[in-house]
Amino acid sequence: MGNSGDVYERHYMPSFIDADCQAIYLGTTRREDLIRAVGRLERHDDAPDKLNDTQKKEISNHPYILKKVKARKSYALKIKEDGYSTIKAAKGTFWFKKHHEAQRKINCKKNKLRNELLDNAINNFHETVHVDEVDRQMRGILPDTEVLTPSTIEYELEERATVAKLLFQPLDELHED
């Protein structure tokens with residue numbers, strides 16, 4: 001969509017969640033406790049939403065980018081040698097097309113690298129953010145019993161119970177009866 005993160009969060013992510021999608025899909029009663037718990041979840045403030053300076057420098061120093069920047073500069077010099085005062089003035093010429101193509105490839109590669117680095121940073125953050133909680137559990141300190149006790153769901157229709165059961169089964173155990 002092209003929106004920056006803060007615009008997306010303000011206008012497209014509701015701060016209050018008032019729907020239990022599982023209850024809607026399976027036809028069960030709403031789980032108010034689940035709705036309240038999910039409604040209180042917030043985006044982690046420390047989660048990365050943009051690249052840091054080191055990551056930006058890594059993109060700029062990528063061998064492919066450096067090679068294409070060098071080629072683009074040589075095309076710009078050729079344009080100047082042909083007597084054009086600006087690159088735009090050479091529009092339609094061979095060297096302008098080469099310069100434009102090099103710029104497109106630079107932009108494309110930079111966007112790809114930027115997205116990969118940001119995705120890796122976000123994944124790394126989420127893999128390591130809850131280390132304290134895991135350490136606490138490893139020491140034998142368990143969370144509240146409310147968290148550990150799964151809710152019991154009673155389905156009004158047998159078909160819905162079957163669908164719910166199938167949704168949570170591993171695929172290798174499925175067979176036709």
Side-chain angles (χ1 to χ4, degrees), residues 1-19 21-22 25 34-144 147-148 167-168 170-172:
M1 239 181 165
N3 293 328
S4 65
D6 59 333
V7 171
Y8 179 80
E9 288 172 17
R10 277 188 281 135
H11 299 288
Y12 298 107
M13 284 181 62
S15 58
F16 178 72
I17 297 172
D18 189 28
C21 294
Q22 187 175 12
Y25 181 75
L34 177 64
I35 294 171
R36 275 194 307 278
V38 171
R40 279 181 275 171
L41 290 176
E42 294 181 14
R43 184 184 180 284
H44 202 291
D45 291 335
D46 295 332
D49 56 357
K50 59 186 174 192
L51 298 179
N52 61 31
D53 291 338
T54 307
Q55 292 165 323
K56 289 176 185 175
K57 193 174 268 301
E58 184 180 332
I59 291 172
S60 297
N61 292 332
H62 190 275
Y64 181 85
I65 300 292
L66 293 174
K67 177 181 152 190
K68 289 296 177 186
V69 166
K70 185 176 179 181
R72 185 188 64 192
K73 284 182 182 177
S74 73
Y75 302 144
L77 284 175
K78 299 274 188 195
I79 289 171
K80 297 287 184 181
E81 287 173 3
D82 285 350
Y84 295 99
S85 58
T86 64
I87 294 171
K88 276 189 175 181
K91 190 171 186 174
T93 65
F94 173 78
W95 294 117
F96 178 84
K97 289 176 185 172
K98 296 292 276 181
H99 182 275
H100 185 69
E101 182 182 333
Q103 184 62 52
R104 277 189 322 103
K105 288 183 178 183
I106 290 168
N107 292 343
C108 182
K109 187 66 170 181
K110 279 185 173 183
N111 285 334
K112 184 178 179 186
L113 291 171
R114 187 179 303 116
N115 290 338
E116 286 174 1
L117 281 174
L118 186 57
D119 287 345
N120 288 340
I122 291 169
N123 289 337
N124 185 40
F125 172 81
H126 287 293
E127 286 174 4
T128 59
V129 70
H130 297 293
V131 171
D132 292 336
E133 177 64 25
V134 172
D135 287 343
R136 204 163 41 86
Q137 291 178 20
M138 294 295 285
R139 289 192 309 260
I141 303 169
L142 296 175
D144 294 336
V147 176
L148 296 176
L167 284 174
F168 296 103
L171 293 177
D172 56 353

- Message: Quick check against the 3.5 Å criterion: does Asn123 have a side-chain atom that pairs as donor or acceptor with the backbone of Asp119?
- Response: yes
- Relative to each other, are the rings of His62 and Tyr64 parallel, tilted or perpendicular (30° and 60° limits)? perpendicular
- Task: Verify, without hydrogens or angle tests, whether Asn52 (side chain) and Thr54 (backbone) share a donor-acceptor contact under 3.5 angstrom.
- Result: yes
- Message: Looking only at the side chains, is there a donor atom on one of Glu116 and Asn120 sitting less than 3.5 Å from an acceptor on the other?
- Response: no
- Task: Rounded to the nearest 0.5 Å, what's the gap from CG on Asn107 to CD1 on Ile65? Could you check?
- Result: 8.5 Å
- Query: Nearest heavy-atom pair of Lys88 and Phe96: which atoms, and what distance?
  - Reply: CA-CE1, 4.3 Å
- Query: Is there a side-chain contact between Ile59 and Leu117 (heavy atoms, below 4.5 Å)?
  - Reply: yes
- Message: So for atom CG, which belongs to Asp53, do other residues, nucleotides or ligands contribute more than 12 heavy atoms lying within a distance under 6.0 Å?
- Response: no
- How far does NZ of Lys98 sit from NZ of Lys78, to the nearest 0.5 angstrom? 11.5 Å
- Arg104 side chain near Glu101 side chain, heavy-atom distance below 4.5 Å: yes
- Message: For a quick test of reading the model, state the closest non-hydrogen atom pair linking Ala76 to Ile87 and the distance between them.
- Response: CB-CD1, 4.0 Å
- Message: Taking Lys68's backbone N and O only, do any of them form a donor-acceptor pair with Lys105's side chain (distance below 3.5 Å, no angle check)?
- Response: no
- Task: Identify the heavy atoms of Ile79 and His99 that sit nearest to each other, and give their distance.
- Result: CD1-CB, 4.3 Å
- Flag the pair Ile122 / His126 as yes when at least one side-chain heavy-atom distance between them is below 4.5 Å, and no otherwise. yes
- Task: Kindly give the heavy-atom pair with the smallest separation between Arg72 and Ala102, and that separation in Å.
- Result: CB-CB, 4.1 Å
- Query: Would a 4.5 Å heavy-atom cut-off, applied to side chains only, mark Leu113 and Lys109 as touching?
  - Reply: yes
- d(Leu77 CG, Tyr75 OH) to nearest 0.5 Å is 12.0 Å
